[in-house]
Structures are given as C-alpha cells and as structure tokens.
Student: 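Before I ask anything, here is the structure I am working with.
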Protein chains: 2
Amino acid sequence: MLNNQGAADLDSVFHALADPTRRAIVARLCEGPASVSELAKPFAMSLPAIVQHLQVLEHSGLVRSEKIGRVRSCSIVPGTVREAEAWLGLRRTSAERRLDRLEGFLNQNHPAKPI
Amino acid sequence: MLNNQGAADLDSVFHALADPTRRAIVARLCEGPASVSELAKPFAMSLPAIVQHLQVLEHSGLVRSEKIGRVRSCSIVPGTVREAEAWLGLRRTSAERRLDRLEGFLNQNHPAKPI
DNA sequence: TTGATTGTTAAGCACATGCTTAAGTATTCG
DNA sequence: CGAATACTTAAGCATGTGCTTAACAATCAA
C-alpha cells in the first residue's frame, strides 16, 4: 500500500497542501463530506483535473473516499491534518523557546531600562 | 517585492515544506542560526543545491538571511511557521467540531448502551 | 431499453523542480 | 600580494506537475 493505512508522510502531505485548489477542497471537506462533482462545482476547471487533485489528496492521507453507486463520497482525515500541524508546532515552539532564552540572556546583561 | 515584507503565501510555504531536505534545514534553523556551509554539511548534495533550497525557503518567508563578510547567516522566521500551523489548526478544529456534533447526534438517537 | 448522470482513463503538452558541473566573485588570512 | 574560504551564477538535463481534450465505463431514472 502507499502509506501505512493512510498514515501520511510529510512530503506528500505538505505537497498536497501547496496548491490553492487542493487547500480549498480540504477546507470544504472540513465542513463535511462531498461528492466529486460537488467539490468540482466552485472551480473553473475540468472534472478530470479535480479528480487528479483528489488523487493527490487521497495519496497523501488527507482525504479518503468511498464509491457508492455512481457517486464517490469524499471526506477529510483529521488525523493527517493533525500530524502536519504537530510537525510545525514542535519546530515553532523550539524556535520560540530559543528566542525566549535569547531575550532572557539579553535582559540579564543589558536590562531594559524604563524610559 | 515577492511577499509583503516576507509575509508568506501558503502556496510557497507548504511547497517549501514539502521537501525533506528543506524540512531538515528548517528543523536545524529552529535550534539557532547557521551559515550556508554549516547547513550543507549533513547532506550528500552539492552546495549550489543547498543554496537553491535556501532560496525556496527564503522566498516562502520561512527563513531569512543576512550576508556578513563572506558568510551568509540564515535564521528561521517563527511567524511564518505559525501562519502555516494556524491554517491547519483552523481546518482541523472545524472538522473535529463537526465530528463531535455528529457523535452527539448519533448518541442522542442511538444512545450507547453499557455492555 | 434509452438516455442522462457521475465518474474514470489515457494521451499529450507547457512549464516547474531538483539536481548536476563548471566557472565565476568576494572576502579573509598568511 | 597570493592562496584559501565561502558562497554565487549559469547552463543543462531528467523527471514531475497541472492542466487539457477525447473517449470510455457504470449506474440510475423514465
């Protein structure tokens, strides 16, 4: 299989999110499931193009889908969104802790004088 | 200018993060500033390749750099990391609120019976 | 069964990406 | 000065991306 039952690698997750059409699809699916043509409706783009975007999103683990009759229902996978967010969160907090220490160090040696 | 004084558009931020070499550079810079050759050292890749990755990161607003003498010092821009994280956070929470409402609805109509 | 709906597959094209090597430019050190 | 250091620029190449159109299923509804 592509990923561990849809567990995403960050390469494909961030790549999937790097396109505005795909981010809009993700945003839409965060409000609830939708069919392929429902997802396509807002865009000035052929249906196959949307299907290709959905393939990128599904490959990344951000979206899953199930075909019932002739309709494919797509929905978000919140866990994958959380993974990408967590990667960013870890780096950001580590960078900000470092900046806090730096600020502390600067205040210690050159205390900010009021006015 | 490329962006509003480095204020990132999500396209270029997520695209920058979609490469493992660039994510490793970001992770390294979250521990503190570094020169181009320091950043290049861990990778089995030519220096120009690293410089190109740094250009992608700087264009996205994730990294900034300043050249002093012959050394270019690179550092992280925490605000940009925070922007990307915030986009994901908003979508995730909205998706999860929706799932919570759905769960509440299901419990209301088919209450989970103990054992 | 006929026709409309909903998606799928395949081929192709313009352009972007991620590397490479080779040849430059500054800057600092002895 | 001359040599070493630290990038920088340019060109080229294989592969990937984001679309298109055209043709093909599969399903549902009259």
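Basis for what follows: all heavy atoms, side chains included, without hydrogens, waters or symmetry-related copies. Computed from a predicted model, the values in this text were never measured in an experiment. A, B, ... follow the sequence lines: proteins, then strands. Residue 1 opens every chain.
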Student: Using whole Å, what does the distance between atom C1' of nucleotide D:dA6 and atom CD of B:E38 come to?
Tutor: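 Between C1' of D:dA6 and CD of B:E38: 12 Å.
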Student: Between A:E31 and B:R98, is there a salt bridge with N-O shorter than 4.0 Å?
Tutor: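 No.
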Student: Starting at the 5' end of DNA chain D and moving along, which residue's nearest nucleotide shows up first, A:A18 or A:G69?
Tutor: A:A18
Student: Whole Å only: how far is the CD1 atom of B:I50 from the C1' atom of C:dG18?
Tutor: 11 Å
Student: For the residue pair B:W87 and B:F14, categorise the inter-ring angle as parallel (less than 30°), tilted (30 to 60°) or perpendicular (more than 60°).
Tutor: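 Plane angle over 60°, so perpendicular.
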Student: Between B:E66 (CD) and C:dT27 (C1'), how many Å, whole number?
Tutor: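 Distance check: B:E66 CD to C:dT27 C1' gives 16 Å.
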Student: Picking from C:dC19, C:dA10, D:dT8, which would you name as closest to the side chain of B:M45?
Tutor: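 That would be C:dC19.
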Student: Hey, does the side chain of B:H53 come within less than 4.0 Å of C:dC19's phosphate (OP1/OP2), counting only N and O?
Tutor: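 Yes, B:H53 has a side-chain N/O under 4.0 Å of OP1/OP2 on C:dC19.
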Student: Measuring from the side chain of A:Q52 (C-beta onward, heavy atoms only), which nucleotide among D:dC19, C:dA10, C:dT21 has the closest atom?
Tutor: D:dC19
Student: For the side chain of A:A49, counting heavy atoms from C-beta on, which of D:dC19, C:dA22, C:dT8 is nearest?
Tutor: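 Nearest nucleotide to the side chain: D:dC19.
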Student: So how far is it from A:D19 CG to A:L57 CG, rounded to the nearest 0.5 Å?
Tutor: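 These two atoms lie 8.5 Å from each other.
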Student: Tell me the interatomic distance from B:L54, atom CG, to D:dT8, atom C1', rounded to whole angstroms.
Tutor: 13 Å
Student: Name the residue closer to the 5' end of DNA chain D, choosing between A:R70 and B:V71 according to the nucleotide with the nearest heavy atom.
Tutor: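 Its nearest nucleotide being more 5', the pick is B:V71.
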Student: Among the nucleotides D:dT9, D:dG18, C:dT8, which one has an atom lying closest to any side-chain atom of A:R72?
Tutor: C:dT8
Student: If you check every side-chain atom of B:S35, which of C:dT20, C:dT8, D:dC7 has the closest atom?
Tutor: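 Of all the options, the side chain of B:S35 is nearest to D:dC7.
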Student: Select one nucleotide: of D:dG18, D:dT8, D:dA22, the one nearest the side-chain heavy atoms of A:H15.
Tutor: D:dG18
Student: Respond yes when some side-chain nitrogen or oxygen of B:K67 is under 4.0 Å from OP1 or OP2 of D:dT8, and no when none is.
Tutor: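 Affirmative; the distance criterion is met.
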Student: Check for a donor-acceptor pair, side chain of B:E83 on one end and backbone N or O of B:T80 on the other, with a separation under 3.5 Å.
Tutor: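 No, B:E83 side chain to B:T80 backbone: no donor-acceptor pair under 3.5 Å.
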Student: Would one find a side-chain N or O of A:S46 under 4.0 angstrom from OP1 or OP2 of D:dT20?
Tutor: yes
Student: To the nearest Å, give me how far apart CG (B:L47) and C1' (C:dA26) are.
Tutor: 15 Å
Student: Tell me: CG of A:D19 to P of D:dG16, nearest whole Å?
Tutor: 18 Å
Student: What's the separation between atom CD in A:E38 and atom CD1 in A:I50, rounded to the nearest 0.5 Å?
Tutor: 13.0 Å
